[in-house]
4 protein chains.
Amino acid sequence: MTGTTPAGPSRSDAVRNRRLLLDAAARTFAERGVEVSIGEIAQCAGVGKGTVFRHFSSKGELLAAIMLGMLDELADIGTALLTADDPGLALREFMAAGVETFVKDRAFCEVVGRPSLQHQQVRDAIDRLCDVAEELTERARRQGIVRPDITGTDVMLLLSGIQHTAAPLLTTDPQAWRRYLELALDGITASTGRTLPHPPPHHLPLTPDQEP
Amino acid sequence: MTGTTPAGPSRSDAVRNRRLLLDAAARTFAERGVEVSIGEIAQCAGVGKGTVFRHFSSKGELLAAIMLGMLDELADIGTALLTADDPGLALREFMAAGVETFVKDRAFCEVVGRPSLQHQQVRDAIDRLCDVAEELTERARRQGIVRPDITGTDVMLLLSGIQHTAAPLLTTDPQAWRRYLELALDGITASTGRTLPHPPPHHLPLTPDQEP
Amino acid sequence: MTGTTPAGPSRSDAVRNRRLLLDAAARTFAERGVEVSIGEIAQCAGVGKGTVFRHFSSKGELLAAIMLGMLDELADIGTALLTADDPGLALREFMAAGVETFVKDRAFCEVVGRPSLQHQQVRDAIDRLCDVAEELTERARRQGIVRPDITGTDVMLLLSGIQHTAAPLLTTDPQAWRRYLELALDGITASTGRTLPHPPPHHLPLTPDQEP
Amino acid sequence: MTGTTPAGPSRSDAVRNRRLLLDAAARTFAERGVEVSIGEIAQCAGVGKGTVFRHFSSKGELLAAIMLGMLDELADIGTALLTADDPGLALREFMAAGVETFVKDRAFCEVVGRPSLQHQQVRDAIDRLCDVAEELTERARRQGIVRPDITGTDVMLLLSGIQHTAAPLLTTDPQAWRRYLELALDGITASTGRTLPHPPPHHLPLTPDQEP
DNA sequence: TATGAATGAGATTTCATTCAT
DNA sequence: AATGAATGAAATCTCATTCAT
């Protein structure tokens, strides 16, 4: 378990509504991105607008709660793969899980792909995820399965890149991302003797949002 | 010249204003994405808001005009490269130009990366660009420089993917996309005997926007 | 005892909650005025919001209950002073107590200073208080300590006026009202031969609130 | 002329609307205080809500504009009275004008009576007004017309205090404030040999609003 | 033709009050 | 009887678009 799960409400109707709300918000954010209005999420959950704000003090908090859940889930998958036998396969599976997370969620793309993020908690969760990616990459690198100059940050960045490569095909070919994941894996594999022309990144620069 | 130039206004001050407007909009959309307000673009162009709507019937039309220009410019670059001696180098140069177009323009990423596009003209321009990409890829494929199952559509999709891979690094390392372009080129190169696990796309499915 | 004490609840925990609630509301209204939310008062009392509405049918009723208590307390002080030896000192002490009540309670200022008041009970309590003020003033007047044309209503009005005079100094000089009380006492004293240019008020015109 | 008049719009319809808006806002704020909604002001002016925000970037700016106008008007009156022959009469007239300003405007009472104020411009205008009050008081003091320990700040504070004294009589006796102004003038007059029991204030402590 | 003023739908958020548990 | 979850009206503010000047 990587993240922390806040307590949440205890009364049964509140628990049920919170669940409905999170589900509705997750679904709506996933399909239409961060721009969906709170009103729509409320309607989709079958509750009043006020109920959303009872459970989450602002739209940003609701969004952050959902993003946190997804980031921690992914970090947990990566952590589990750290003990897999085949580091190459582990990295592939981690990346597959990561790309799929992006592919299935527009809001995730919009929030996580952005270098400036309001929420410290979300930045922290991304950092945790980056650490896991770094470890998985390190193990694959040591076995010569990926080029020596590929970093965990490269891997993290590629998740988003692969999703965006396949994005226009999403409705006609929802699995197309697998093709570009494979292409990327070929790309980071050590087979060619050439070195990459640009130095590798060593961390994701995550800074608080500036007010525009 | 690949695209068509619509008639436009004839009075000289109108011509000048249209030019000012397109420049200002291009600059503003590039820096801040499609979210910039018409008011800001007008101010940036030094004209009134009404003038924007005299030249372009809606914000979407203005945006489309800018996108059309960029798409055609890129298609022209690709067309010129069709007569280059080295097909591999030509493809690389086309991709570099393409990724750079994305990297330098937030609105371009937001509009062109979408699978559903309102404007027939923009869809047509993308189709033309895809044709050019297809020819460039075909030439490289025939020389064995890229895998046999890589299509021009793959190449087009990768442009956006590479930009998005590097996007979070943009402010700290504006040239990082070159690294991921190289990685992608390695990926589409025929060096490994393996075949990709998912069939190649043969066109971009561009459909009109649904009302959200 | 001047006012009437409504029956209230009989179960012991309900009695205790009513007490907690009145205390918390008194404290909170005093510090922050009538704008404080019911939620905050409930939290401050350590009870649920529903409990507030079980004891008081609306926010206005709760507020009125508190105001009633304070008005009656002040009337009791005045009544006690009716039997004091020195009518001038008695009046001064009554006014000091009155101004201090205003000074220490933002909600009291906001409610009692209004010419239009929703609650008949509050209007009645103000009337009772005015009667006491009238008697105290009458005694002082008879002794020549205050001008002949100063009425109890004048005295009542001055309480609020003195508090408001000192209000902007409250945080930097919490006792400043004593200065302006003294000034007012000098003003209502008979020393100058001049008569006031405007006829004295003989009652406070308290009318029910209009719907805004 | 004490304050500065910002340029404002030049087109005739905009000028007219701005005038309508300022008038409507002044009237509405005066009658019902700062709580009136922008929607109501807009309706009262016969314009759309958006028009309010075109002219004033926020509700606070609109309010400030009106307050500034009133404060400067009052300061101008005071400045003119500095050259009057009779310092005592000048002070009386200044105070009468000041109290009347308060009496006629609920918002003015709510804004100016508060020690913490958001707008630097409004604080500055109050400071300017205090300076004028100080000079007028100084002149009266030198002639022995007011007690030696009465300051301009006292005078400023009394304006609000006198208004609040008369406030409950406003509907039944709109001129009642004149009675309490006279009482206050008697109070600050040097006739009694006694000194006030609390030191005089030497400035109004105006601090920026804290977020509550 | 150019301008920028006016519009009003829609977004987020607060809070008194009602009601299921 | 007590709780606090749910509600929805209302407030401020933004912005694409229309229209008077």
Side-chain angles (χ1 to χ4, degrees), chain A residues 9-18 21 35-42 45-60 62, chain B residues 9-14 17 21 35-43 46-60 62, chain C residues 9-18 21 35-43 46-60 62, chain D residues 9-18 21 35-40 42 45-60 62:
Chain A
S10 50
R11 242 172 65 174
S12 68
D13 55 347
V15 171
R16 197 182 55 94
N17 270 344
R18 190 185 168 91
L21 207 48
E35 297 291 315
V36 282
S37 77
I38 286 290
E40 197 156 1
I41 291 171
V47 302
K49 265 184 301 189
T51 305
V52 182
F53 288 95
R54 156 165 290 276
H55 287 276
F56 302 93
S57 61
S58 73
K59 184 182 175 180
L62 171 55
Chain B
S10 48
R11 260 179 51 174
S12 69
D13 55 345
N17 271 347
L21 209 44
E35 297 291 313
V36 283
S37 74
I38 287 289
E40 196 153 4
I41 292 170
Q43 190 174 24
V47 303
K49 266 196 293 192
T51 306
V52 182
F53 286 93
R54 168 163 298 277
H55 285 279
F56 304 93
S57 62
S58 74
K59 185 181 175 181
L62 170 56
Chain C
S10 49
R11 261 180 51 175
S12 69
D13 55 346
V15 173
R16 199 182 57 95
N17 272 345
R18 188 183 169 90
L21 209 45
E35 297 290 315
V36 282
S37 74
I38 287 290
E40 196 153 2
I41 291 170
Q43 189 175 25
V47 303
K49 263 194 295 191
T51 305
V52 181
F53 285 92
R54 167 163 299 278
H55 286 278
F56 303 94
S57 62
S58 74
K59 185 181 175 181
L62 170 56
Chain D
S10 50
R11 243 173 63 174
S12 69
D13 55 347
V15 171
R16 197 182 53 95
N17 271 344
R18 190 186 169 90
L21 207 47
E35 296 291 314
V36 283
S37 76
I38 286 291
E40 196 154 1
V47 302
K49 265 183 303 187
T51 304
V52 182
F53 290 96
R54 155 166 291 277
H55 287 276
F56 302 93
S57 62
S58 73
K59 185 182 174 179
L62 171 56

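Just so we're clear, the structure is a prediction, and the values are computed from it rather than from any experiment. Lettering follows sequence order; numbering is per chain, from 1.
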Rounded to the nearest Å, what distance is computed from the [atom1] atom of residue [X] to the [atom2] atom of nucleotide [N]?
X: Arg54(D); N: dT18(F); atom1: CZ; atom2: C1'; result: 13 Å
X: Ile38(A); N: dT13(E); atom1: CD1; atom2: C1'; result: 10 Å
X: Phe56(D); N: dA5(E); atom1: CZ; atom2: C1'; result: 14 Å
X: Leu21(B); N: dT3(E); atom1: CG; atom2: P; result: 10 Å
X: Glu40(D); N: dA11(F); atom1: CD; atom2: P; result: 8 Å
X: Arg16(C); N: dA1(F); atom1: CZ; atom2: C1'; result: 12 Å
X: Gln43(B); N: dT3(E); atom1: CD; atom2: P; result: 13 Å

## Note on the structure
Comparing Gly39(D) with Val47(C), nearest DNA chain F nucleotide closer to 5' gives the residue Val47(C)
### Query
Taking for each residue the nucleotide of DNA chain F with the nearest heavy atom, is it Ser57(B) or Val52(A) whose nucleotide lies nearer the 5' end?
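Result of the comparison: Val52(A).
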### Query
So, the side chain of Lys59(B) versus the backbone of Val36(B): is there a donor-acceptor pair under 3.5 Å, distance only?
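Yes.
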### Task
Please round to the nearest 0.5 Å and tell me the distance separating atom CD of Glu35(B) and atom CD of Glu35(A).
5.0 Å
### Query
Contact class for Lys59(C) (heavy atom, under 4.0 Å): base, sugar-phosphate, or nothing?
sugar-phosphate
### Message
Taking any heavy-atom pair under 4.0 Å as a contact, classify Thr51(D): base, sugar-phosphate, or nothing.
### Response
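Touches a base.
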### Query
Mapping Glu35(C) and Ser37(A) onto DNA chain E by nearest heavy atom, which one lands closer to the 5' end?
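Per heavy-atom nearest nucleotide, the more 5' residue is Ser37(A).
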### Task
Name the residue closer to the 5' end of DNA chain E, choosing between Val36(C) and Asn17(B) according to the nucleotide with the nearest heavy atom.
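Mapping each residue to its closest nucleotide by heavy atoms, the 5'-most match is Asn17(B).
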#### Entry: Sequence-distant partners of Glu40(B), side chain to side chain donor-acceptor pair (under 3.5 Å), two or more places apart
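Glu40(B) satisfies side chain to side chain donor-acceptor pair (under 3.5 Å) with Arg32(B) only.
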Protein-nucleic acid N or O pairs under 3.5 Å, nucleotides 19-21 of chain F:
none

### Task
May I ask you to verify if any side-chain N or O of His55(B) is less than 4.0 angstrom from the OP1 or OP2 atom of dT1(E)?
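Indeed not, no polar side-chain atom of His55(B) lies that close.
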### With sequence neighbours excluded, residues passing side-chain contact (heavy atoms from CB on, under 4.5 Å) with Gln43(C)
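None.
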### With sequence neighbours excluded, residues passing side-chain contact (heavy atoms from CB on, under 4.5 Å) with Phe56(B)
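For Phe56(B), the residues satisfying side-chain contact (heavy atoms from CB on, under 4.5 Å) (neighbours in sequence not counted) are Arg18(B), Leu21(B), Leu22(B), Glu61(B), Leu62(B), Ala65(B).
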### Query
Is there a donor and acceptor pair closer than 3.5 Å between the side chain of Lys49(D) and the base of dT12(F)?
no
### Message
Counting Watson-Crick and G-U wobble pairs with both distances under 3.5 Å, what is the dot-bracket string for DNA chain F, 5' to 3', using [ ] for crossing pairs and | for pairs to another strand?
### Response
.||||||||||||||||||||
### Task
Identify the heavy atoms of Ile38(B) and Lys49(B) that sit nearest to each other, and give their distance.
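Distance-wise, the nearest heavy atoms are CG2-CG, 4.1 Å.
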